[in-house]
Asker: 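Questions regarding the structure given below will be posed in turn.
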Amino acid sequence: QVQLVESGGGLVQPGGSLRLSCAASGSIFSINTMNWYRQAPGKQRELVAAISSSGRTNYADSVKGRFTISRDNAKNTVYLQMNSLKPEDTAVYYCNAVGTVVPGLKVFNSWGQGTQVTVSS
């Protein structure tokens with residue numbers, strides 16, 4: 001089994017910055033894709049950013065130019081640098097990872113517990 005633990009959430013003023021981290025642990029053979037989702041009150045869960053094992057990235061239109069996703073493969077960790085934060089970014093942010101475990105090279109799809117990000121003055 002693979003566990004994901006997020007950190008770095010909190011309260012920030014509009015225009016401020018936060019950096020989220022998500023560390024994966026367990027019997028990991030490889031991690032293919034790491035993603036950040038968010039869910040605001042009364043809204044459906046939204047894919048914010050994704051990164052492949054080779055470093056290819058995708059972003060939601062609402063965060064392009066403001067957020068940057070990155071990963072450290074040696075540490076099985078993904079980061080989300082969030083700049084120029086807006087009140088609309090307020091949500092619970094969830095880390096997601098898809099890859100392969102050992103033994104048996106079985107596919108896993110794991111989620112973190114979520115971390116609250118609040119943008120308010």
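Along the sequence shown, the residues carry numbers beginning at 1.
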Asker: Say you draw a straight line from CG of Leu47 to CH2 of Trp36; how long is it, rounded to the nearest 0.5 Å?
Answerer: 12.5 Å
Asker: As an exercise, state the distance from CG of Asn73 to OG of Ser53, rounded to the nearest 0.5 Å.
Answerer: 7.0 Å
Asker: Do Leu85 and Tyr59 belong together in a cluster built from hydrophobic side chains that touch within less than 4.5 Å?
Answerer: yes
Asker: Between Lys64 and Asp61, does at least one N-O distance fall below 4.0 Å, as a salt bridge requires?
Answerer: yes
Asker: Linking I/L/V/M/F/W/Y whenever their side-chain heavy atoms sit closer than 4.5 Å, directly or via other members, would Met34 and Phe108 fall into one cluster?
Answerer: yes
Asker: Given Tyr37, which of Trp111, Tyr93, Tyr94 fulfils the ring-ring contact (aromatic ring centres under 6.0 Å, His included) condition?
Answerer: Trp111
Asker: Can you confirm whether Gln39 is buried at CD, in the sense that more than 12 heavy atoms of other residues, nucleotides or ligands lie under 6.0 Å from that atom?
Answerer: yes
Asker: Going by heavy atoms in the side chains, are Ile69 and Val78 under 4.5 Å from each other?
Answerer: yes
Asker: If you compare all heavy atoms of Glu46 against all heavy atoms of Ala60, which two are closest, and at what distance to 0.1 Å?
Answerer: OE2-CB, 3.9 Å
Asker: Establish whether Val12 and Val63 are linked, either directly or via other cluster members, by ILVMFWY side-chain heavy-atom contacts under 4.5 Å.
Answerer: yes
Asker: How far apart are the closest heavy atoms of Asn83 and Ser17, and which atoms are they?
Answerer: OD1-OG, 2.9 Å
Asker: For Gln3 and Gln1: C-alpha separation, side-chain torsions, deciding distance, then whether side-chain hydrogen bond (donor to acceptor under 3.5 Å, both in side chains) applies.
Answerer: CA-CA 7 Å; Gln3 296 81 41; Gln1 62 180 191; 3.1 Å; yes
Asker: Measure from the side-chain N and O atoms of Arg71 to the backbone N and O of Ser52, and report whether any donor-acceptor pair falls under 3.5 Å.
Answerer: yes
Asker: Heavy atoms only: give me the nearest Thr90-Ala40 pair and the separation to one decimal.
Answerer: O-CB, 3.5 Å
Asker: Of the non-hydrogen atoms in Ala24 and Val2, which two are nearest, and what is the gap between them?
Answerer: CB-CG1, 4.2 Å
Asker: As an exercise, state the distance from OG1 of Thr100 to CG of Asn32, rounded to the nearest 0.5 Å.
Answerer: 7.5 Å
Asker: Please round to the nearest 0.5 Å and tell me the distance separating atom CG of Asn76 and atom CD1 of Ile28.
Answerer: 4.0 Å
Asker: Work out which heavy atom in Leu80 is nearest to a heavy atom in Val48; give both atom names and the distance.
Answerer: CD2-CG1, 4.4 Å
Asker: Kindly compute the distance separating CG (Asn35) from CG (Asn58), expressed to the nearest 0.5 Å.
Answerer: 9.5 Å
Asker: To the nearest 0.5 Å, what is the distance between CD1 on Ile51 and OG1 on Thr33?
Answerer: 9.5 Å
Asker: Can you see which heavy atom on Asp89 is nearest to which on Arg38, and at what distance?
Answerer: OD1-NH1, 3.0 Å
Asker: Please lay out, stage by stage, how Thr68 and Tyr79 fare under the test side-chain contact (heavy atoms from CB on, under 4.5 Å).
Answerer: CA-CA 8 Å; Thr68 302; Tyr79 307 93; over 6 Å; no
Asker: Under 3.5 Å, side chain of Glu6 to main-chain N/O of Cys22, donor-acceptor pair present?
Answerer: no
